[in-house]
S.K.: 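Please see the structure below; I have some questions.
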Amino acid sequence: MEVFDERINMLLDLFRYAQSLGDGDWMRQIERRLEQLSTIKSLVPENSGNYAR
């Protein structure tokens, strides 16, 4: 779950940067990636990290 959170935070930082540049295309690409990650993260059980070993 930590990996998802780190990736989401990175994408949010990039989104803010794209927003400051006024780059709508880039913002839409980042939004799609955020939606995909959020969807995947919601499907992964909270305790799944316990079984990764």
Side-chain angles (χ1 to χ4, degrees):
M1 294 308 261
E2 191 174 321
V3 172
F4 284 108
D5 292 338
E6 289 174 10
R7 178 73 175 179
I8 289 170
N9 286 334
M10 183 194 66
L11 286 170
L12 289 172
D13 289 341
L14 285 173
F15 183 85
R16 283 189 286 273
Y17 182 64
Q19 191 175 38
S20 74
L21 297 175
D23 192 332
D25 289 336
W26 194 16
M27 290 167 57
R28 283 186 289 282
Q29 289 175 11
I30 294 168
E31 284 176 338
R32 282 193 295 271
R33 291 180 184 182
L34 283 165
E35 288 171 3
Q36 290 171 344
L37 277 176
S38 296
T39 299
I40 293 168
K41 184 180 176 186
S42 71
L43 297 173
V44 176
E46 290 265 345
N47 62 353
S48 64
N50 296 336
Y51 303 106
R53 297 182 181 152

S.K.: side-chain contact (heavy atoms from CB on, under 4.5 Å), that's the test. Do K41 and D5 meet it? Break it down for me.
M.R.: CA-CA 9 Å; K41 184 180 176 186; D5 292 338; 2.3 Å; yes
S.K.: Is there side-chain contact between R16 and D13, with at least one heavy-atom pair below 4.5 Å?
M.R.: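 Yes, at least one pair of side-chain atoms sits under 4.5 Å.
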S.K.: So, taking the atom named OG1 in T39 and the one named CG in L34, what distance separates them when rounded to the nearest 0.5 Å?
M.R.: 10.5 Å
S.K.: Looking at residues at least two apart in the chain, or sitting in another chain, which of them share a side chain to side chain contact (heavy atoms under 4.5 Å, CB included) with D25?
M.R.: D23, R28
S.K.: Sequence neighbours excluded, which residues qualify as salt bridge (charged side-chain N to carboxylate O under 4.0 Å, His left out) partners of R7?
M.R.: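 Salt bridge (charged side-chain N to carboxylate O under 4.0 Å, His left out) check on R7 returns nothing, list empty.
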S.K.: Under the rule for side chain to side chain contact (heavy atoms under 4.5 Å, CB included), what residues qualify as partners of Y17, not counting sequence neighbours?
M.R.: S20, L21, W26
S.K.: Considering all heavy atoms of both residues, which atom of L11 and which atom of I30 are nearest to each other, and what is their separation?
M.R.: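 What the structure gives for the nearest pair is O-CG2, 3.4 Å.
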S.K.: Please determine whether residues L43 and L37 belong to a single hydrophobic cluster, defined as Ile, Leu, Val, Met, Phe, Trp and Tyr linked transitively by side-chain heavy-atom distances below 4.5 Å.
M.R.: no
S.K.: Return the CD to CG distance between Q19 and L14, rounded to the nearest 0.5 Å.
M.R.: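 Taking CD in Q19 and CG in L14, the distance rounds to 12.5 Å.
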